[in-house]
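Scroll down for the structure; my scribbles are underneath it.
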Amino acid sequence: MRIDILTLFPEMFDGVLNTSILGKAAEKGIVSFQVTNFRDYSESKHGTVDDTPYGGGGGMVLKPEPLFRAVEAIAGTDKPRVVLMCPQGKRYSQKIAEELAAERHLVFLCGHYEGYDERIREHLVTDEISIGDYVLTGGELAAMVVIDSIVRLQPGALGNQSSAVTDSFSTGLLEYPHYTRPAEFRGWRVPDILLSGHHANIERWRLKESLRRTLERRPELLEQLELTKTMQELLDEIRSEKA
Ligand code: ADE
């Protein structure tokens, strides 16, 4: 997979793309990152990338030429998804992460200004994504969040491939509680069932605790799920324990 990032602040990405899972994925050739300063594609001597808005008012607007020229140079004969990071975009989710993770080439546009010329949205961008209902100073941090969640889904990116499969949200449920040694810490014991070695009982306990956590913290997620008979039974157990 190839990931291009267009930004006026390329240095923001140095640490994130070179560290831990993302850095290793790049080293292993699972993904290649290319960060481009789109000021280099400005048509003016001074590297101008923005201008005042037609119709007046405050703030600056990103001009179309540098971004169109940069994306066209990067895309070549590819037809990459071109993702604009902005608070007006579609709310990001694990489902969108899985969809983007299946692409071969993604281009992220990160702006720091008041706005983008609307022709960028209409004729250059294929997707607009927001990472939540709050406003950041720019799209860079949001792009890092999205890129991180996509790269960890690439086959071979995580040491233990099963960890992506049992993630919160991938299953539609929040993850069950995890424990490691010691079996007793400051008087707090690990649940006996996890020490029993009885795999079927452990699986059932984990599913039940996933359901409990989801019911307590994110009940709306359960409504979107087709419950199996076992899940229904476990939810009944949880509800009767509470009563
Ligand atoms: N740029 C500024 N705020 C943003 C957000 N919430 N999501 C994506 N990009 C942004």
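Quick caveat: nothing in here was measured; it's all calculated off a predicted structure. As the structure lists them, so they are numbered: ligands from 1, and atoms in each ligand from 1.
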Query raised in the report: Would R2 and D78 pass as an ion pair if we require N to O under 4.0 Å?
Result: no

Query raised in the report: P87 heavy atoms, cut-off 4.0 Å: which ligand 1 atoms fall inside?
Result: 1 (N), 2 (C), 3 (N), 4 (C), 10 (C)

**Report entry** atom 3 (N) of ligand 1 [closest protein heavy-atom partner, distance rounded to 0.1 Å]
**Finding:** L136 N, 3.0 Å

Query - Y41 and L67, any side-chain heavy atoms less than 4.5 Å apart - result: no

Requested in this report: Ignoring hydrogens and angles, tell me if any N or O in the side chain of S130 forms a donor-acceptor pair with the backbone of G132 under 3.5 Å.
Outcome: yes

**Report entry** Protein heavy atom at shortest distance from atom 9 (N) of ligand 1
**Finding:** C86 N, 3.2 Å

**Report entry** Salt bridge present between K63 and E43 (N-O < 4.0 angstrom)
**Finding:** no

Query raised in the report: Hey, is the main chain of L194 close enough, under 3.5 Å, to the side chain of Y179 for a donor-acceptor pair?
Result: no

Query raised in the report: Can you list the atoms of ligand 1 that are under 4.0 Å from a heavy atom of I129?
Result: 8 (C)

Query raised in the report: Are any of the side-chain nitrogens in E98 or K95 under 4.0 Å away from the carboxylate oxygens of its partner?
Result: no

Requested in this report: Indicate yes or no: does an N/O atom of G132 lie under 3.5 Å from an N/O atom of ligand 1?
Outcome: yes

Query raised in the report: Relative to ligand 1, is A142 under 4.0 angstrom through side chain, backbone, both or neither, heavy atoms considered?
Result: side chain

Query - Short N or O distance, V135 and ligand 1, threshold 3.5 Å exclusive - result: no

Report summary line: Counting heavy atoms under 4.0 Å, the part of D133 that contacts ligand 1 is neither

Query raised in the report: Tell me, which protein residue and heavy-atom name are nearest atom 7 (N) of ligand 1, and how many Å apart are they?
Result: I131 N, 3.0 Å

